[in-house]
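Just so it is clear, the values below take in all heavy atoms, side chains as well, and ignore hydrogens, waters and symmetry mates. Naming: A, B, ... by sequence-line order, numbering from 1 per chain.
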Protein chains: 2
Amino acid sequence: MSIKYVMLGFLSETPLTGYDLKKKFSESEVFYWSGNNNQIYKTLVELHDEKLVTIEVRQQDSKPPRKIYTITERGLAALRQWLLVPAELPQFRSALLVKLTWADQLEPHELSTLLTTYETELQDHLVMLREQARRNSADTAAPRRSFGRRIADHWISFYEQDLAWVQALRHDLDTA
Amino acid sequence: MSIKYVMLGFLSETPLTGYDLKKKFSESEVFYWSGNNNQIYKTLVELHDEKLVTIEVRQQDSKPPRKIYTITERGLAALRQWLLVPAELPQFRSALLVKLTWADQLEPHELSTLLTTYETELQDHLVMLREQARRNSADTAAPRRSFGRRIADHWISFYEQDLAWVQALRHDLDTA
DNA sequence: GGTGCCATGTAATGGGTTACATGATTGC
DNA sequence: GCAATCATGTAACCCATTACATGGCACC
């Protein structure tokens, strides 16, 4: 799965600049790309070459000109076509689970520190995600069939489940 | 997080060849690298250069020679040091959640097909994972503080949660 | 005769990251 | 004076992927 279609997706809602797209990527983890300049500006050129978007340059005084990208009919068709391709299964990457495989290489107190640190970080992250979800669901006046809030909640539930697991593990280790 | 330390981890259990390591990566999704030749053989050279492993070449008649890699004291120390570094938070990458963001671009029956296909694939995958977990927990006579089974179960629960979510979504769409 | 396992490795490519570069404006 | 926002883009690099290459043996 490439970032290309996700950018088309955003552009299907409203015309945007590269800068705007960058922000879109940083606003939600579900769009898991870093949204770095290199990729975005290169991909925009690509999208334009394939006539999936049009460019409108708008000059601004004392600011760099904005290049506003608008999706074309072909772009919308390409997006739809991509949406119809069966979605690959989710990928989970947990550094903790990998490390715990060799937990026996650590002293009990070292293991305990590892878990506690992780737990704290997870909790902080969850606070952030919940805040984000709250904000996003507030301003988006739910369009007919968009699952924004539902998706965000599901996302959060992955972390919640992970948190519960670590807590249970820590509890078991403490009582043993 | 690089594949390097994971390879050291495997080598901390027992000496292995590059070929063996490849298999280790394919045996469990938790070790999420593809385990392709390029990376493994290159990394083994690197590990050897850094004196984290030693090489023993064993000739075999009518088969290519095996290069058996054994972890050194320095290797074990490097592994431990890596284990102590706080684990990054897990990363989830769900193509489905990304696509559903633009679900309104699809006809109801197209959306339905998308979800059903995904659900079926998930279920198949779960069957495979459960089988894998069963096999792995059978032959590993649980060492003192290794969480193999626990880790596998947690892994499975991520997919189960995802499955439940899709099923709930599909149910809601059907009844609406 | 074809597939799969053993066992090593290389080549080409793709996808993604960080960091660099410019430059004005606003706010602390 | 410093950081952040707006807004574009480039350079260097790293990690990972697929595919290619070799070659014998076992099994159906």
Side-chain angles (χ1 to χ4, degrees), chain A residues 1-8 10-11 15-27 29-50 53 55-70 82 88-89 91-93 95 98, chain B residues 1-8 10-11 15-27 29-50 53 55-70 82 88-89 91-93 95 98:
Chain A
M1 155 137 92
S2 77
I3 198 176
K4 189 170 135 184
Y5 293 98
V6 181
M7 285 171 58
L8 271 187
F10 285 128
L11 290 171
L16 295 167
T17 66
Y19 189 80
D20 294 331
L21 280 164
K22 256 192 84 150
K23 276 191 291 182
K24 291 276 181 187
F25 281 102
S26 62
E27 269 164 24
E29 283 190 24
V30 176
F31 308 102
Y32 48 79
W33 298 263
S34 75
N36 63 89
N37 293 352
N38 203 318
Q39 235 183 332
I40 287 181
Y41 289 107
K42 274 216 167 72
T43 305
L44 281 171
V45 169
E46 208 184 304
L47 288 176
H48 186 242
D49 286 350
E50 297 175 38
V53 297
I55 308 184
E56 184 200 344
V57 182
R58 200 163 294 173
Q59 294 297 334
Q60 307 179 105
D61 33 80
S62 78
K63 270 187 195 169
R66 306 178 78 219
K67 292 191 178 176
I68 299 158
Y69 293 85
T70 306
W82 171 70
E88 313 100 271
L89 293 186
Q91 276 181 44
F92 307 112
R93 321 197 141 187
V98 170
Chain B
M1 156 135 91
S2 75
I3 198 175
K4 190 170 135 185
Y5 292 99
V6 181
M7 285 171 58
L8 271 186
F10 285 129
L11 290 170
L16 294 168
T17 66
Y19 190 80
D20 295 331
L21 281 164
K22 256 191 84 149
K23 276 192 290 183
K24 291 275 180 187
F25 281 101
S26 61
E27 268 163 27
E29 282 189 20
V30 177
F31 308 103
Y32 48 78
W33 298 265
S34 75
N36 63 90
N37 293 351
N38 203 319
Q39 233 182 336
I40 286 182
Y41 289 107
K42 275 218 167 72
T43 306
L44 281 171
V45 169
E46 208 184 303
L47 288 175
H48 186 241
D49 286 350
E50 295 176 39
V53 297
I55 308 182
E56 185 200 343
V57 182
R58 201 164 290 173
Q59 294 296 334
Q60 307 180 104
D61 34 82
S62 79
K63 270 186 195 169
R66 306 178 78 222
K67 291 193 179 175
I68 300 158
Y69 293 86
T70 306
W82 171 70
E88 313 100 89
L89 293 186
Q91 277 181 45
F92 307 112
R93 319 196 143 189
V98 170

- Look at the rings of B:F25 and B:F31 and say which category their plane angle falls in: under 30° parallel, 30 to 60° tilted, over 60° perpendicular. perpendicular

- Item | Length of the line joining A:I3:CD1 and C:dT17:C1', which is rounded to integer Å | 12 Å

- For B:Q39, what residues pass the side-chain hydrogen bond (donor to acceptor under 3.5 Å, both in side chains) criterion, not counting sequence neighbours? B:N36

- Message: Would you say the ring centers of B:F92 and A:Y32 fall short of 6.0 Å from each other?
- Response: no

- Distance in angstrom units between B:Y32 OH and D:dT17 P, rounded: 11 Å

- Starting from P on D:dA16, measure out to CD on B:E46 and report it in whole angstrom. 11 Å

- Note on the structure: Contacts of B:K67 meeting side-chain hydrogen bond (donor to acceptor under 3.5 Å, both in side chains) (sequence neighbours excluded), chain-then-number -> none

- Item | Spacing of A:I40 atom CD1 relative to D:dT8 atom P, expressed in whole Å | 10 Å

- Task: Answer yes or no: does a side-chain N or O of A:W33 lie under 4.0 Å from OP1 or OP2 of C:dG16?
- Result: yes

- Query: A:L21 CG to D:dC6 P: how many Å, rounded?
  - Reply: 14 Å

- Whole-Å gap separating C1' (C:dT17) and CZ (A:F25): 15 Å

- In whole Å, what is the span from the CD atom of A:Q91 to the P atom of D:dC15? 18 Å

- So, is B:S34 near the phosphate of D:dT17, with a side-chain N or O under 4.0 Å from OP1 or OP2? yes

- Any side-chain heavy atom of B:H48 within less than 4.5 Å of one from B:E50? no

- Rounded distance (Å) that lies between atom P of D:dC6 and atom CZ of A:R58: 17 Å

- Message: Walk me through whether A:F10 and A:Y5 qualify under side chain to side chain contact (heavy atoms under 4.5 Å, CB included).
- Response: CA-CA 9 Å; A:F10 285 128; A:Y5 293 98; over 6 Å; no

- Query: When every nucleotide of nucleotides 6-11 of chain C is labelled 5' to 3' by its protein contacts under 4.0 Å (heavy atoms), B for base, S for sugar-phosphate only, - for none, what sequence of letters results?
  - Reply: BBBBBB

